[in-house]
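Have a look at the structure below, then the notes.
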Amino acid sequence: MSTPPLSGPGMGAAAGPGAFQGAQANSAAREVNTASLCRIGQETVQDIVFRTMEIFQLLRNMQLPNGVTYHTVTYQDRLGKLQEHLRQLSILFRKLRLVYDKCNENCAGLEPVPIEQLIPYVEEEYSKHDDRGIASQLRFASEEKREILEVNKKLKQKNQQLKQIMDQLRNLIWDINSMLAMRN
């Protein structure tokens, strides 16, 4: 499916004036499909997250005006950076909205395809043999599970016996040590 090239206000201003103009010229020369729109949308979301993290970093480093004297130049510089990040963030959200609308427009005519049609399967004559194979595999798996459960049961019994022996040895060593202590 082919779609008209993606264009609109604010599409190239997010990464700076020179960084995105080459990409716009290329996208104007060729048509943009829905998959590439989704990739652009993903990159835009990543940019939004990055800008938001930078905004929180700036806010964390700013001092609160709690009556303490602060450097006006530093404050104005940080405030300018914060306003610039917020402006870029609003541009990125507009770009994301354009990509979202374009993707919805491209997918509007598509009918949902049932999942069963997307999965290839073997023809009917082979499926009868597969049913027998699946039944034998199921029988083998249930036998293996039963054997594992029996081994686990025996292992628990042996562990219990070992614990009893260790407790008896501990008591015997305790008795020997107490007799030696009484002798001295």
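Keep in mind it's a predicted model, so treat the numbers as computed, not measured. Hydrogens, waters and symmetry mates play no part in the numbers below; they use all other heavy atoms, side chains included.
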task: Tell me yes or no: between the side chains of Asn33 and Ser36, is some donor less than 3.5 Å from an acceptor?
output: yes
task: Output, in order, the C-alpha distance, side-chain angles, deciding distance and verdict of salt bridge (charged side-chain N to carboxylate O under 4.0 Å, His left out) for Lys102 and Glu105.
output: CA-CA 5 Å; Lys102 192 66 176 173; Glu105 179 184 317; 3.4 Å; yes
field: Straight-line distance of Leu37 CG to Leu98 CG, nearest 0.5 Å
entry: 10.5 Å
- request: Determine, using the 4.5 Å side-chain heavy-atom cutoff (strictly less than), whether Phe50 and Leu86 are members of one ILVMFWY cluster.
  value: no
- prompt: Between atom CD of Gln83 and atom CG of Leu58, what is the distance when rounded to the nearest 0.5 Å?
  reply: 11.5 Å
- request: Indicate the atoms forming the closest heavy-atom contact of Leu82 with Leu59, along with that distance.
  value: CD2-CD2, 3.7 Å
message: Is any side-chain heavy atom of Arg94 closer than 4.5 Å to one of Ile91?
response: yes
task: Check the side chains of Gln88 and Glu84 for a donor-acceptor pair under 3.5 angstrom, ignoring hydrogens and angles.
output: yes
- prompt: Rounded to the nearest 0.5 Å, how far apart are CG of Leu89 and CD of Glu54?
  reply: 10.5 Å
query: From Lys95 NZ over to Ile48 CD1, what is the distance, rounded to the nearest 0.5 angstrom?
result: 9.0 Å
message: Just by distance, no angles: are the side chains of Gln42 and Arg39 close enough, under 3.5 Å, to form a donor-acceptor pair?
response: no
message: Pair Arg97, Asp101 - check salt bridge (charged side-chain N to carboxylate O under 4.0 Å, His left out), show working.
response: CA-CA 6 Å; Arg97 175 48 100 178; Asp101 290 341; 3.4 Å; yes
message: Going by salt bridge (Lys or Arg N to Asp or Glu O under 4.0 Å), name the residues that satisfy it together with Asp167, two or more places apart in sequence or in a different chain.
response: Lys163, Arg170
message: Please report the interatomic distance OG(Ser178) to CD1(Ile173), rounded to the nearest 0.5 Å.
response: 12.0 Å
- prompt: According to a 4.5 Å side-chain heavy-atom criterion applied to Ile, Leu, Val, Met, Phe, Trp and Tyr, with indirect links allowed, do Tyr100 and Val49 form part of one hydrophobic cluster?
  reply: no
- request: Look at Glu150 together with Lys153 and state whether they make a salt bridge at an N to O cut-off of under 4.0 Å.
  value: no
- request: Starting at CD of Gln57, measure out to NE2 of His85 and round the result to the nearest 0.5 Å.
  value: 10.0 Å
query: When clusters are formed by joining ILVMFWY residues with side-chain heavy atoms under 4.5 Å apart, either directly or through shared neighbours, do Leu180 and Leu172 land in the same one?
result: yes
query: So, for Gly41 and Leu96, which heavy atoms are closest and what is the spacing to 0.1 Å?
result: O-CD1, 3.8 Å
